[in-house]
Amino acid sequence: MKTDLFINNEWRPATSGKRFPVVNPATEEVLAEVAAGDAADVDTAVRAAKACFESQAWREMSGRKRGTLLFKAADLLEARLDEVARLETAQNGKTLFESKIEIGMVVNTLRYYAGWADKITGDTLPVEGPFFTYTLREPIGVVGAIVPWNFPLNIASWKFAPALAAGCTMVLKPASETPLTALLFAEIALEAGLPAGAFNVIAGGGSTAGAALVRHPDVDKISFTGSTEIGRQIMKTAADTNKRVTLELGGKSPNIIFADADLKAAVRGAQTGIFYGKGEVCAAGSRLLVEKSVHAQVIEQLAEGAKKLTPGDPLDKNTRMGALVSKKQQETVLSYIQKGVDEGARLVAGGKAAKPNGRGYYVEATVFDAVQPEMTIAREEIFGPVLAVLTFDDFEQGVQLANQTIYGLAAGIWTKDIQKAHRTAKAIRAGTVWINSYNSYDSGAPFGGFKASGFGRDLGREAIEGYLETKTVWVAL
Ligand code: NAD
């Protein structure tokens, strides 16, 4: 596959000539050496994106035509779904089962926004006086998208599909751990017929290529998904050039089991909530809050389930937990597990690194009981398969515990009481609330955070709004 930078519909090595290795975390083997873009390459790509944005060809392209290009890209991707899913698994370590779901979501997201492209409309406004006043919705311009390694192509598509549908052009910087599927998608964009400069991919480091994109004066918006810490830095830097920003950041989401829940379903939901994607999921239900009267039952079932969920070869179709993305991430997760033990939480399942085939960066499905709210593992995002179980006495205490976090990305609620379910959903300060479900996503449902989990939304109509400016036009009658 192509491993150079994709700029202006051409493949180019980095100006510096540098390349960096991409490692398969399940085998510890180098998969590819990818061109390492830096500020000079970002500048070339941004110029191309700007020239395309200002060109007659792009400006005069109808929404319907842009939509047609995105539909074509969706068809081309769907035809190569298996190959792309395998590549995602190879670079990220997640199971093929998960990668297939995610690449399927990318296809859906492309189609969802392809459908929006010819439905972007303004309003007519009933103003005072003899005027005809209306609004136009216009694309913001050049968008820099910076994405993490956990859902590499999926989260990238949450940005490029609505941005291109809205008429923006884009420079995408994938995470340095996982640039391969974004580069493969560039081949698809080219084949689909996107004009030169509309979509560019610069692989490279965060502090080099990523930071250069955020500083660049000709980038009109940064759409970022990643850690809260880098999000804060981006917001500060973006202020210097008045860029618009959308930030999708970290989480420490509560999954609440009330005593009247269907406990079998709730335990299954708790497991999906934390172990799907090896827990490297921003919305992971990493704090399980259990009503005291059912705690013993829940812990017993959870520990049993976690012990059965053994990590294994992610390409095996029966594996349900793959390898963590990197050695560094494995070390981070193991150090949090050690902190949990040191601070007095009770380990009831997992807790160790694993090497199912004698290699790879795996961690066992881990459950801690008797976690107190002030413990590190109850407060900080671990981004791995580690569940912290806390208990509560009643509705008020459950909600108070759920909201006792700087984050506000997602939450789960398990109960058969419809009033309690909706009251809890209302009381929780988070961007997504799942009732008797966890980790459900759809291209049509907005996703994003409250509080330190960021602002702005991916997916749904709201994401399109994030790539548009409003122009108000006054006509004296
Ligand atoms: P990260 O913040 O380290 O990196 C994210 C991206 O930013 C990467 O492409 C990286 O190269 C780039 N980057 C790093 N430093 C930069 C800088 N100074 N300037 C510009 N770009 C820079 O995050 P990660 O470790 O890749 O991903 C894990 C984090 O992402 C977790 O905190 C997780 O919760 C969050 N996340 C959030 C969502 C969401 O939708 N809210 C989704 C997935 C992941």
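Just follow the structure's listing: the first ligand is 1, and inside any ligand the first atom is 1. Quick note: residue numbers are just sequence positions, from 1. Values below: all heavy atoms of this structure, side chains included; hydrogens, waters and symmetry mates excluded.
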*Indicate the ring-plane relationship of Phe160 and Phe199, choosing parallel, tilted or perpendicular according to the 30° and 60° boundaries.*
perpendicular
_Lys339 to Tyr336, cation-pi by 6.0 Å centre distance and 45° axis angle_ = yes
*asked:* Counting only heavy atoms and a distance below 4.0 Å, can you name the residues contacting ligand 1?
replied: Ile146, Val147, Pro148, Trp149, Asn150, Ile155, Lys173, Pro174, Ala175, Gly206, Gly210, Ala211, Phe224, Thr225, Gly226, Ser227, Ile230, Gln233, Ile234, Glu248, Leu249, Gly250, Cys282, Glu381, Phe383, Leu409, Phe447
*asked:* Checking Arg320 now: which residues fulfil salt bridge (Lys or Arg N to Asp or Glu O under 4.0 Å) with it, not counting sequence neighbours?
replied: none
*Residues forming a salt bridge (Lys or Arg N to Asp or Glu O under 4.0 Å) with Lys159, sequence neighbours excluded*: Asp458
*Are Lys50 and Thr169 linked by a side-chain donor-acceptor pair shorter than 3.5 Å?*
no
Using a 3.5 Å cut-off and no angle test, enumerate the donor-acceptor pairs between side-chain atoms of residues 398-405 and protein atoms at least two apart in sequence or in another chain.
from	atom 1	to	atom 2	distance (Å)
Gln400	NE2	Gln404	OE1	3.2
Asn403	OD1	Arg429	N	3.0
Asn403	ND2	Ala427	O	2.9
Thr405	OG1	Tyr407	N	3.0

